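Here is the structure we will look at, set down as structure tokens.
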Amino acid sequence: MSSCGNNESLDKLKELQGGLDAKLAGGQAQLDSLKADMNSMKDQAKSFLPEIPEVTSFQAELAKLAAIASDPIAFLKAKLDLESKFKDSVPDLNSVLGKLGVDEFPPKTPSIKDICAAAPNVEIDASGVAKEQPEPPKVADVVPPPPVPKEVYVPDTEEINKNLLNHAYSNCKDLWAIRAGGLFFRKKLNQMYYDLTWPEAWIHMFAAGGSDADSLKRFPYTIADLRARQVALKAKHKNSDSEAWNFQEEGQEIERVYNILKAEYSKYANAGPFSQAAEESVARYKKKIET
């Protein structure tokens with residue numbers, strides 16, 4: 001019988017061992033009983049093996065996402081699920097997705113080597129705790145320099161606004177592709193609706209930033225030309241779904257998605273309002289066309 005400080009499995013194993021010694025002395029007559037005890041000892045020994053914990057690996061999830069190349073809806077769902085799981089534990093998540101080419105549909109197919117090189121080895125255990133697993137230690141060839149004093153972090157609001165705006169625009173393109181993809185059975189018509197939708201996001205953003213796409217010459221056509229092409233497309237190719245399609249409202253989705261991402265991601269906590277991000281974007285675009 002085991003005391004509080006003893007291991008019951010170990011006690012049982014010792015008890016079986018004592019029985020084996022006695023039966024070995026009994027010879028052939030005890031062979032069957034001996035085999036049964038040995039199998040029992042094997043089962044008891046297995047109880048010492050530790051349980052392998054269940055973990056969710058960021059690198060493994062990236063590989064799964066890259067493998068979704070034929071279903072845009074499944075890809076978007078998997079991407080949003082990945083972002084939800086790792087948004088706080090991988091601060092540069094959006095940058096990693098872009099580097100590997102899995103931030104938009106259809107995704108690229110990076111190798112496992114590329115994924116391991118670009119993405120941190122973050123794992124989430126069964127209790128929901130995320131931890132980046134360290135790389136194997138390396139022996140230093142030289143004496144390392146003294147540690148550099150840590151600089152005080154001052155958030156670059158414009159850079160944060162820029163990243164958030166790009167993130168919102170990328171998500172909107174996925175949404176438009178899915179929504180427009182369900183208008184008709186012909187992919188070419190759906191693509192035409194998509195191509196006349198995404199410019200509206202730029203028009204809305206430039207307007208919020210105090211300018212307009214015509215004066216900035218963002219497109220090789222005017223806003224009036226774009227709107228005329230939209231009217232003509234709806235008149236020529238329409239059904240109940242396309243009749244309800246509003247190009248301008250779809251473009252304004254970028255502001256709504258911007259605000260959703262700002263509230264959801266801690267890395268965007270210091271981001272400014274959409275109007276500020278739009279003003280900064282207009283300033284960068286003006287500087288770009290001037291040079």
Side-chain angles (χ1 to χ4, degrees), residues 45-140 153 155 159-160 162-182 187 194 253-254 257-271:
K46 288 181 179 179
S47 68
F48 289 98
L49 296 176
E51 294 184 3
I52 300 176
E54 294 184 5
V55 296
T56 301
S57 166
F58 177 52
Q59 294 175 346
E61 293 298 308
L62 283 172
K64 293 178 183 177
L65 181 65
I68 305 175
S70 61
D71 188 341
I73 295 179
F75 172 82
L76 180 57
K77 288 181 179 178
K79 179 185 173 187
L80 293 176
D81 182 61
L82 182 144
E83 290 177 341
S84 176
K85 288 179 180 177
F86 296 97
K87 61 185 180 183
D88 293 324
S89 54
V90 183
D92 58 343
L93 187 147
N94 198 47
S95 174
V96 173
L97 296 181
K99 187 182 298 183
L100 293 172
V102 295
D103 56 333
E104 296 180 5
F105 185 86
K108 295 181 180 178
T109 53
S111 65
I112 294 297
K113 181 179 180 181
D114 292 337
I115 291 176
C116 294
N121 186 21
V122 175
E123 293 182 346
I124 301 177
D125 62 22
S127 62
V129 177
K131 182 179 180 181
E132 182 173 356
Q133 300 301 324
E135 294 183 357
K138 299 178 180 179
V139 180
Y153 172 69
E159 184 66 20
I160 295 173
K162 178 183 176 183
N163 291 337
L164 174 53
L165 196 59
N166 289 337
H167 193 173
Y169 182 59
S170 176
N171 277 19
C172 280
K173 288 195 295 182
D174 289 337
L175 288 174
W176 296 324
I178 293 172
R179 290 174 180 174
K187 291 184 178 180
Y194 175 86
E253 281 282 89
I254 190 171
V257 174
Y258 178 97
N259 291 328
I260 290 175
L261 296 176
K262 183 179 184 298
E264 184 176 354
Y265 286 83
S266 60
K267 64 181 178 180
Y268 298 138
N270 294 309

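Quick caveat: nothing in here was measured; it's all calculated off a predicted structure.
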Item checked: Short side-chain donor-acceptor distance under 3.5 Å, Ser111 and Asp114 -> yes
Next item on the list: Report yes if the side chains of Glu83 and Tyr265 come closer than 4.5 Å at any heavy-atom pair, otherwise no.
Entry: yes
Note to self: List the residues meeting side-chain contact (heavy atoms from CB on, under 4.5 Å) with Asn121, not counting sequence neighbours, and say none if there are none.
What the structure shows: Ser57, Gln59, Glu123, Gln133
Checklist line | Taking every non-hydrogen atom, the tightest pair across Val96 and Pro120 | finding: CG2-CD, 4.5 Å
Check: In Å and rounded to the nearest 0.5 Å, what is the NZ to CD1 distance from Lys173 to Ile178?
Finding: 13.5 Å
Note to self: Rounded to the nearest 0.5 Å, what separates atom NZ in Lys267 from atom CG in Asn94?
What the structure shows: 5.0 Å
Notebook entry, point to check: Can you tell me how far the CG atom of Leu76 sits from the CG atom of Asp81, to the nearest 0.5 Å?
Noted result: 11.0 Å
Next item on the list: Compare every heavy atom of Glu61 with every heavy atom of Phe86, then report the nearest pair and how far apart it is.
Entry: CE1-CG, 4.1 Å
Item checked: Nearest non-hydrogen partners of Ile160 and Pro155, listed with the distance -> CD1-CB, 4.1 Å
Item checked: Heavy-atom pair of closest approach, residues Ala271 and Leu164 -> CB-CD2, 3.7 Å
Check: Once you round to the nearest 0.5 Å, how far does CG of Asn259 lie from CD1 of Ile254?
Finding: 11.0 Å
Next item on the list: Apply the test salt bridge (Lys or Arg N to Asp or Glu O under 4.0 Å) to residues Lys79 and Asp103: give CA-CA distance (whole Å), side-chain angles for both, the deciding distance (0.1 Å), then the verdict.
Entry: CA-CA 8 Å; Lys79 179 185 173 187; Asp103 56 333; over 6 Å; no
Next item on the list: Taking side-chain contact (heavy atoms from CB on, under 4.5 Å) as the test, write out the residues that go with Ala74, two or more places apart.
Entry: Ile68, Asp71
Check: To the nearest 0.5 Å, how far apart are OH in Tyr258 and SG in Cys172?
Finding: 13.0 Å
Check: Rounded to the nearest 0.5 Å, how far does CG of Leu175 lie from OG of Ser170?
Finding: 10.0 Å
Margin query: Assess, by modelled atom type and distance only, whether the side chains of Tyr268 and His167 contain a donor and an acceptor separated by less than 3.5 Å.
Written below: yes
